[in-house]
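We number each residue from 1, following the sequence as shown.
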Amino acid sequence: MTQKQNLVSIDGIYYDIVIPTDGIKRSFSIADTENSGRLLNGKMIRDLVGTYYNYTIQFETKYMSAEEYDDLYTKLSAPVEYHTLTVPYGQESLTFQAYVTSGNDSIKTVVNGIRKWHGLSVNFIAEKPERTPLTG
């Protein structure tokens with residue numbers, strides 16, 4: 001089952017995309033500085049940097065033209081430092097700077113010489129922690 005919704009914005013643009021069920025996956029990582037480590041007695045000492053929220057998003061683009069899809073793919077695969085990403089977070093939205101680490105898709109059909117790609121899955125990693133020990 002898929003739902004057509006404006007859930008994801010990249011660089012301020014909401015794309016006319018379908019996100020399949022389970023098509024938005026979020027994860028978090030809590031990072032430590034190099035001052036963290038285990039003592040000789042086995043106790044872990046942590047010097048926390050903060051919590052990063054990262055997303056893997058699968059775009060099903062059946063409502064996009066081949067040109068619109070190619071533009072999206074080109075934008076996401078561009079060697080740029082960051083994109084401004086707006087994604088669902090709980091019952092609200094979260095907007096932050098993220099970089100793309102990888103993506104993949106597959107060709108579905110070729111009709112009249114037009115290649116239809118689908119299942120574009122992209123990994124977005126937060127530029128900086130969303131939460132720190134100071135901000136909670």
Side-chain angles (χ1 to χ4, degrees):
M1 174 181 213
T2 57
Q3 300 175 356
K4 187 176 179 185
Q5 298 180 12
N6 287 333
L7 292 175
V8 175
S9 166
I10 302 164
D11 297 331
I13 299 170
Y14 282 94
Y15 288 89
D16 191 17
I17 57 175
V18 171
I19 297 175
T21 302
D22 295 330
I24 297 178
K25 295 180 182 177
R26 67 179 176 174
S27 63
F28 67 88
S29 63
I30 302 171
D32 296 276
T33 72
E34 59 189 37
N35 295 326
S36 299
R38 203 159 293 281
L39 300 176
L40 290 175
N41 68 3
K43 181 179 178 181
M44 182 67 179
I45 301 297
R46 296 186 75 185
D47 183 24
L48 297 170
V49 173
T51 303
Y52 294 79
Y53 294 117
N54 304 312
Y55 283 75
T56 299
I57 302 173
Q58 183 178 1
F59 301 95
E60 190 56 67
T61 55
K62 63 184 173 182
Y63 295 107
M64 295 178 84
S65 70
E67 183 177 305
E68 289 170 325
Y69 179 79
D70 289 348
D71 288 347
L72 175 62
Y73 189 90
T74 299
K75 175 183 203 130
L76 293 174
S77 64
V80 298
E81 286 189 347
Y82 303 106
H83 294 282
T84 301
L85 185 67
T86 300
V87 290
Y89 180 80
Q91 302 310 305
E92 299 178 10
S93 293
L94 179 64
T95 299
F96 61 100
Q97 295 292 108
Y99 59 94
V100 173
T101 58
S102 63
N104 63 72
D105 63 0
S106 59
I107 198 162
K108 187 172 187 174
T109 60
V110 178
V111 178
N112 297 325
I114 304 294
R115 297 179 188 113
K116 293 299 280 185
W117 295 84
H118 78 116
L120 176 59
S121 181
V122 179
N123 296 311
F124 294 93
I125 307 299
E127 167 200 20
K128 63 182 182 181
E130 189 65 32
R131 297 167 57 197
T132 67
L134 299 176
T135 63

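- A donor-acceptor pair under 3.5 Å is absent between the side-chain atoms of N123 and the main chain of T56, judged by distance alone.
- The structure places CD of E68 at 9.5 Å from CG of L72, a figure rounded to the nearest 0.5 Å.
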With a 3.5 Å cut-off and sequence neighbours excluded, list the donor-acceptor pairs that the side chains of residues 76-90 form with protein atoms.
| unit_1 | atom_1 | unit_2 | atom_2 | d |
| --- | --- | --- | --- | --- |
| S77 | OG | Y73 | O | 2.8 |
| S77 | OG | T74 | O | 3.4 |
| H83 | ND1 | D11 | OD2 | 2.8 |
| T84 | OG1 | Q97 | OE1 | 2.6 |
| T86 | OG1 | T95 | OG1 | 2.8 |
| Y89 | OH | Y53 | OH | 3.1 |

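- Cluster partners of Y52 are V49, counting Ile, Leu, Val, Met, Phe, Trp and Tyr whose side-chain heavy atoms approach within less than 4.5 Å, directly or via other members.
- Applying the side chain to side chain contact (heavy atoms under 4.5 Å, CB included) rule to E92 yields no partners; only residues at least two apart in sequence or on another chain are considered.
- Side-chain contact between D32 and D47 is absent, with no heavy atoms from C-beta onward closer than 4.5 Å.
- Atom OG of S102 and atom CD1 of I125 lie 8.0 Å apart (nearest 0.5 Å).
- Considering every non-hydrogen atom in both I24 and Y55, the closest pair reads CG2-CD2, 3.8 Å.
- Criterion: ILVMFWY side-chain heavy atoms under 4.5 Å apart, direct or through other members. Under it, Y69 and I107 are part of a common hydrophobic cluster.
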List the atom pairs, donor and acceptor, that lie under 3.5 Å between side-chain atoms in residues 113-120 and the rest of the protein, sequence neighbours left out.
| unit_1 | atom_1 | unit_2 | atom_2 | d |
| --- | --- | --- | --- | --- |
| K116 | NZ | M64 | O | 3.3 |
| H118 | NE2 | S106 | OG | 3.3 |

Under the side-chain contact (heavy atoms from CB on, under 4.5 Å) rule, what do F124 and V100 come out as? Steps first, then yes or no, please. CA-CA 5 Å; F124 294 93; V100 173; 3.7 Å; yes

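- In this structure, the side chain to side chain contact (heavy atoms under 4.5 Å, CB included) partners of L39, at least two apart in sequence or on a different chain, are N41, K43, I45.
- Side-chain heavy atoms closer than 4.5 Å link hydrophobic residues (I, L, V, M, F, W, Y) into clusters, and following such links, even through other members, never connects F96 to Y99.
- The CD1 atom of I57 lies 12.0 Å from the CZ atom of R26; values are rounded to the nearest 0.5 Å.
- Under the 4.5 Å side-chain criterion, counting only non-hydrogen atoms from C-beta, N104 is in contact with S121.
- With rounding to the nearest 0.5 angstrom, the CD atom of Q58 is 10.5 Å from the CG atom of D105.
- Partners of I13 by side chain to side chain contact (heavy atoms under 4.5 Å, CB included), not counting sequence neighbours, listed by chain and number: Y15, K75.
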